[in-house]
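All residue numbers refer to positions in the sequence shown, counting from 1. No hydrogens, no waters, no symmetry mates; every other heavy atom, side chains included, goes into these values.
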Amino acid sequence: MEERNNINLFRKKRARKKLITRLVILALILLVVVLIVVNWKKIIAPLKDIALDVGQGGFPVELPGSTGYVLDELGENFYLLTDTYLYTYTSEGAMVANIQHGFQNAVSAANEKRVLVYDKNGKEFKFFSRTGEEYTGSVEDTIVFGSIGNDERSAIVTTSTRYSNYLYVFNGEGKQIFRWASPDLKLMQAEFSEDDKSIYVSALGSSGGSLQLYVLRFDLDNAESHIWQTFIGTDISYSMECSEDGLFVVTGSDGVLLDKETGSILATTAINRSITSIPATNGLRALVFADTGSSGDIITVYGEGLVAGESILVDNLTAFCTDDGKCYVLSGPQLIAYDDTLTQINSYELDDVFSDMIIIGGHAYLLGYNEVQRIAL
C-alpha cells in the first residue's frame, strides 16, 4: 500500500510538472504572437522586399521622362524623384516601384530604408519604403523643409502665424511624437542624432540689428525645453551634419564643429570664399568654393580640428562627392578620383556628359540627360 501511494504521488508530481511546462510554453507562444502583432509592419516590410519580382536589371537605366530628376541613394539601392513620381531601383538597375506622389514642389530626404517626400510650400508629406508608400501625413501650416532620421523618424518644419516656426517629429507610422514652437528664431536645418533620440536644429535670430545663429539640441522625450543652446556666429547656416567627430555646421563665414553631447565648440575654420557645394563627410571632409579668378571651382579638404589642408582648382565641375576617404569629381565626360591629399589616383573616361552622381558600394551612379549609368570604381 505504501509503495502504491508513493507511485501515485510520483505520478501526480510528474503530471503537475507537465502542466506547468505546457503553461510556460503556451505563455511564450502568446508572448511571441503579441510581439509579432505589435511589430508586424516592421517584420513584413523586408519580407515584402524579398518576395517582390523586380524584373530585369542592367545599365544604362532609361529615364522615364520628366522635366527634372533627383538622383539619390537608398541604402545599397537608389531612387529617382521627378515632378510627378518616385521611382526606386535595385543596385543592378531593376525598377522596384513607381509611385505617384501628387506634390507640386516635391523635395526628398532618404536614409538606408526609407524616403521622405514633402511638398515644399504645401502641407502634406509622404513616407516610402523601397516598395511603396508607408503613410501620408499633413500639417496645419506651410512646410518649409523636412529631414529624416537614421531609422523611421522624420522631422517637418513649418511656418506659423503665431510663432516663427513649428518643428514636428513623426514616427514610422505617422504619429506625431514631438512638437516645438520656435518663438522668435527661424529654423534653418534639422538633424537627428545617431540613435534618433535627439534632434539638433540651427536657428537664426537677431539682436541689436545683427544676426545671431544658434544650434540647439532637443531630447525627443522631453518637449519642454532644449538640452543645450550654443551661439556660433552672426551669419546664416548652409548645412548641418551629425558625423562621428561632432556636429559640423557650415555658415557663410565659418565651419564649426560642436560636441554633440554638450554643445561646446570643438573647432572652427574661417571661410573667406563663396561656397558652391558641401558634400557629406563620408570619411573625408571637404568644401567646394567658387574661384573668383576663373570659371572653375576650388576644392579644399579639412583635417582634424578643421585644419585646412590641400586645395585644387577644377574646371567645368558638374558634381562632387566624397566616399570612403576619397574625393570624386565629375567634370565633362570624365570622372576623376582623388585621395585625402587631393592627389589624383584614377580617371574614368565616360561616353557622355552627366549632371550628377552618387557613390554606392564601389560604383558611381551617373545621372545623364536620358539615362542613369553605372561604372565600377
Side-chain angles (χ1 to χ4, degrees), residues 70-73 81 107-111 116 118 120 143-150 154-157 165 167 182 185-194 196 198-205 211-218 229-260 263 265-290 297-303 305-309 311 317 319-323 327-329 356-359:
V70 173
L71 170 69
D72 211 341
E73 56 188 293
L81 180 69
V107 183
S108 65
N111 59 22
L116 168 69
Y118 59 92
K120 188 173 183 180
I143 297 174
V144 181
F145 66 89
S147 178
I148 193 168
N150 298 296
S154 59
I156 297 292
V157 173
N165 291 115
L167 168 66
S182 175
L185 297 173
K186 286 290 185 182
L187 302 185
M188 308 197 70
Q189 285 89 29
E191 183 79 6
F192 285 89
S193 61
E194 291 91 337
D196 283 355
S198 296
I199 192 167
Y200 306 93
V201 298
S202 61
L204 190 66
L211 294 177
Q212 305 284 308
L213 182 64
Y214 300 92
V215 175
L216 300 86
R217 176 191 171 190
F218 293 92
Q229 175 177 308
T230 302
F231 169 76
I232 63 169
T234 57
D235 211 330
I236 63 173
S237 59
Y238 294 143
S239 71
M240 182 167 59
E241 178 189 10
C242 190
S243 54
E244 290 184 0
D245 58 347
L247 193 66
F248 181 50
V249 184
V250 178
T251 75
S253 55
D254 295 285
V256 183
L257 189 66
L258 301 172
D259 185 281
K260 292 177 286 189
I265 296 176
L266 301 176
T268 59
T269 186
I271 294 175
N272 301 314
R273 301 187 182 100
S274 176
I275 298 174
T276 59
S277 179
I278 308 170
T281 299
N282 291 332
L284 180 64
R285 185 163 285 140
L287 296 175
V288 183
F289 304 97
D297 293 272
I298 297 172
I299 299 172
T300 301
V301 296
Y302 294 84
L306 298 185
V307 176
S311 296
L317 188 150
F320 172 75
C321 62
T322 61
D323 183 76
C327 296
Y328 294 91
V329 173
D356 200 3
M357 68 172 168
I358 54 176
I359 309 296

Below 4.5 Å, heavy atoms only, C-beta onward: do [X] and [Y] meet side chain to side chain?
{"X": "V144", "Y": "L187", "value": "no"}
{"X": "V249", "Y": "V215", "value": "yes"}
{"X": "F289", "Y": "D297", "value": "no"}
{"X": "P279", "Y": "F320", "value": "yes"}
{"X": "T251", "Y": "L213", "value": "yes"}
{"X": "E194", "Y": "E244", "value": "no"}
{"X": "T276", "Y": "V288", "value": "yes"}
{"X": "Y328", "Y": "M357", "value": "yes"}

Value rounded to 0.5 Å, distance of [atom1] in [X] from [atom2] in [Y]:
{"X": "L116", "Y": "N111", "atom1": "CG", "atom2": "CG", "answer": "9.5 Å"}
{"X": "S154", "Y": "I148", "atom1": "OG", "atom2": "CD1", "answer": "6.5 Å"}
{"X": "L247", "Y": "L257", "atom1": "CG", "atom2": "CG", "answer": "8.0 Å"}
{"X": "Q212", "Y": "F231", "atom1": "CD", "atom2": "CZ", "answer": "4.5 Å"}
{"X": "S237", "Y": "M188", "atom1": "OG", "atom2": "CE", "answer": "4.5 Å"}
{"X": "D254", "Y": "T234", "atom1": "CG", "atom2": "OG1", "answer": "8.0 Å"}

Please find the pair of heavy atoms, one from [X] and one from [Y], that lie closest to each other, and give the distance.
{"X": "C242", "Y": "Y200", "result": "SG-CE1, 4.2 Å"}
{"X": "T322", "Y": "C327", "result": "CG2-SG, 4.1 Å"}
{"X": "A267", "Y": "L306", "result": "O-CD1, 3.7 Å"}
{"X": "A190", "Y": "S147", "result": "O-OG, 2.9 Å"}
{"X": "A155", "Y": "I199", "result": "CB-CD1, 3.7 Å"}

Exercise for the section: Using the side-chain contact (heavy atoms from CB on, under 4.5 Å) rule, take S202 and Y214 through it: C-alpha gap first, then chi angles, then the decisive distance, then the call. Expected result: CA-CA 6 Å; S202 61; Y214 300 92; over 6 Å; no

[Y] backbone acceptor or donor facing [X] side chain under 3.5 Å:
{"X": "D196", "Y": "N150", "answer": "yes"}
{"X": "S193", "Y": "S198", "answer": "yes"}
{"X": "T230", "Y": "G263", "answer": "yes"}
{"X": "E241", "Y": "T281", "answer": "yes"}
{"X": "N165", "Y": "V157", "answer": "no"}
{"X": "T300", "Y": "S311", "answer": "no"}

Exercise for the section: Check whether the side chains of Q189 and S239 place a donor and an acceptor atom closer than 3.5 Å, and report yes or no. Expected result: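 Their side chains do not contain a donor-acceptor pair, so the 3.5 Å distance test is not met.
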
Practice task
Go through the side-chain N and O atoms of S243 and R285 and say whether any donor and acceptor fall under 3.5 Å apart.
Solution key: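 Present: a donor and an acceptor within the cut-off.
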
Practice task
Quick one: do I271 and L287 satisfy side-chain contact (heavy atoms from CB on, under 4.5 Å)? Show the steps, please.
Solution key: CA-CA 10 Å; I271 294 175; L287 296 175; 4.0 Å; yes

Practice task
Test I358 against C321 for side-chain contact (heavy atoms from CB on, under 4.5 Å), laying out the working first.
Solution key: CA-CA 7 Å; I358 54 176; C321 62; over 6 Å; no

Problem - Working for side-chain contact (heavy atoms from CB on, under 4.5 Å), residues Y302 and T269 - result: CA-CA 9 Å; Y302 294 84; T269 186; 3.7 Å; yes

